[in-house]
Amino acid sequence: MTSTVPAGHRRETDYDRHRLRQWLAGEARADGVSRRRLLTLLAATAAGTALGAPSPAHAAPGPIVKPVPPEWFITRGTNAETRWEALRGTGHHTPNERFFVRNHTATPVLDAQDWRLRLWGSGLRGAPGEERPVEFGYDDLRALPAVTRTAFVECAGNGRSFYPTQQGETVPGTAWTLGAIGVAHWRGVRLSDVLRRAGLSRDAVDVQPRGLDAEYLSGGESLGRVRRPLPLAKALDDVLLAYEMNGERLPPDHGHPVRVLVPSWVGIASIKWVGDIEVSAQPLYSPWNTTFYRLFGAAYPPGGSAPLTRQTTKSAFELASGATFAAGRRHVLRGRSWSGAGGVCRVDVSTDGGATWRPARLHDRPRAGTWTRWSVDWRPDAPGAAHLLARATDTAGRTQPDVAVPNEQGYLFDAVVRHPVTVV
Ligand SMILES: Nc1nc2c(c(=O)[nH]1)N[C@H]1C(S)=C(S)[C@@H](COP(=O)(O)O)O[C@H]1N2
Ligand SMILES: [Mo]
């Protein structure tokens with residue numbers, strides 16, 4: 001299938017502007033933007049081509065603070081993708097040094113002692129218009145009951161490059177292979193504890209955390225600081241405000257001093273460097289749940305799907321693309337599979353391009369929100385090119401398909417990936 005993006009919108013900035021208009025139209029209908037404000041924003045967008053220069057806030061030394069050596073990472077603009085071969089032998093949790101980074105702009109370096117988290121909005125108790133904001137410092141959070149959880153953070157665009165390479169579909173955005181995921185052991189406080197202490201009203205429906213990183217420019221237009229609404233039901237369920245990652249203070253690139261951690265959901269929900277949380281008695285909208293992180297395309301309603309929530313199911317080999325294997329020897333192929341709908345409880349592997357399949361040995365108990373490691377033996381007999389495939393099934397009964405249903409922005413690729421290798 002070809003992209004349904006109109007031909008005039010193929011350039012990314014045009015495309016973003018097109019989407020911004022759709023977003024504004026949708027939000028206007030949803031009563032969020034007055035007609036006058038809408039016209040002002042559209043006029044600014046039309047003039048937006050002149051606004052390409054980065055603002056001083058974007059002029060940091062680099063978008064990422066930690067070293068991103070080429071043996072561990074593929075850098076992609078302001079982002080760094082983890083190489084799957086760099087996960088070999090790393091255990092269940094991804095070391096912080098090797099964890100992928102997805103930055104809309106650049107990592108801000110913040111001091112925990114100066115940091116404040118402000119909760120505000122119509123979903124807090126108080127007379128209408130007089131809801132009082134509540135602030136927490138870093139030490140206030142550390143004094144609350146601590147909880148820990150193993151969970152992945154995975155970008156909704158992980159696997160995007162396989163839409164073009166396996167399915168012939170053109171999609172804009174970062175061309176991730178499968179390395180926009182990492183699993184960590186997080187420590188922090190429950191968002192529900194903080195919301196209750198702030199005085200949650202019975203009318204609250206949405207909460208919207210916002211990052212302290214710079215405003216995000218798209219097509220020359222500022223979309224404001226990165227923020228995305230969470231329905232209250234999820235916010236009260238298993239969401240953390242995390243201050244530790246794998247037993248260390250949260251590193252700058254992953255949200256120091258505090259990030260939101262939304263288990264099993266698309267990575268954009270896990271707002272880094274959180275500075276404030278709007279608690280609202282009305283549904284909230286931001287470009288990150290309207291323009292972006294919805295599915296648009298032939299298979300979806302004209303206004304797009306509902307905002308993305310859970311991740312799909314994927315599998316990856318702990319191998320470089322094009323890895324070589326000696327013919328006539330026994331090799332152990334290792335990989336990991338994960339899903340946003342439950343633990344992965346079955347993985348089938350093919351070493352002959354999908355002709356025959358056999359079950360892999362699983363090395364983790366299937367658990368929701370994290371991956372299952374697996375292995376199979378392989379003794380290739382003839383030299384030549386080959387494709388390795390892995391197909392996961394989760395405890396909710398979902399199995400990876402052969403083809404992913406396409407969407408214009410290339411989110412949620414879930415099909416079985418063909419991993420090229422060479423037998424020598
Ligand atoms: N404030 C802020 N939070 C953010 C982002 C961002 O750019 N700014 N990127 C989001 C996206 S798209 C993803 S996939 C994850 C990536 O988390 P990581 O960089 O710790 O791997 O963070 C999310 N939280
Ligand atoms: Mo992401």
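In each ligand, atom 1 is the first atom listed, and ligand 1 is the first ligand listed. One is the number of the first residue; the rest follow in order along the sequence.
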Taking a 3.5 Å cut-off between nitrogen or oxygen atoms, can you list every pair linking ligand 1 to the protein, with distances?
from     : atom 1 : to     : atom 2 : distance (Å)
ligand 1 : 1 (N)  : Asp213 : OD1    : 2.9
ligand 1 : 1 (N)  : Asp213 : OD2    : 3.3
ligand 1 : 1 (N)  : Lys272 : O      : 3.0
ligand 1 : 3 (N)  : Lys272 : N      : 2.9
ligand 1 : 7 (O)  : His104 : N      : 2.8
ligand 1 : 7 (O)  : His104 : ND1    : 2.8
ligand 1 : 8 (N)  : Asp213 : OD2    : 2.6
ligand 1 : 9 (N)  : Arg102 : O      : 3.3
ligand 1 : 17 (O) : Arg259 : NH2    : 3.1
ligand 1 : 19 (O) : Arg102 : N      : 3.0
ligand 1 : 19 (O) : Lys272 : NZ     : 2.6
ligand 1 : 20 (O) : His254 : ND1    : 2.7
ligand 1 : 20 (O) : Arg259 : NH1    : 2.7
ligand 1 : 21 (O) : Phe100 : O      : 2.7
ligand 1 : 22 (O) : Arg259 : NH2    : 3.4
ligand 1 : 24 (N) : Ser270 : O      : 3.0

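- Here the two rings, on Phe100 and Trp72, have centers that are 6.0 Å apart or farther.
- Judged by the 6.0 Å distance and 45° axis criteria, Arg391 is positioned over the aromatic ring of Trp357.
- Annotation: cation-pi pair Arg142/Tyr243 present, NZ/CZ under 6.0 Å from the ring centroid and within 45° of its normal.
- For Glu71 and Arg98, the salt-bridge test fails: no basic side-chain N is under 4.0 Å from an acidic carboxylate O.
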For residues 111-120, which side-chain N or O atoms pair as donor and acceptor with protein atoms under 3.5 Å away, sequence neighbours left out?
from   : atom 1 : to     : atom 2 : distance (Å)
Asp111 : OD1    : Gln113 : N      : 2.9
Trp115 : NE1    : Val274 : O      : 2.8
Trp120 : NE1    : Asp276 : OD2    : 2.7

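- Cation-pi check for Arg336 over Trp371 is met; the charged atom lies under 6.0 angstrom from the ring centroid and within 45 degrees of its normal.
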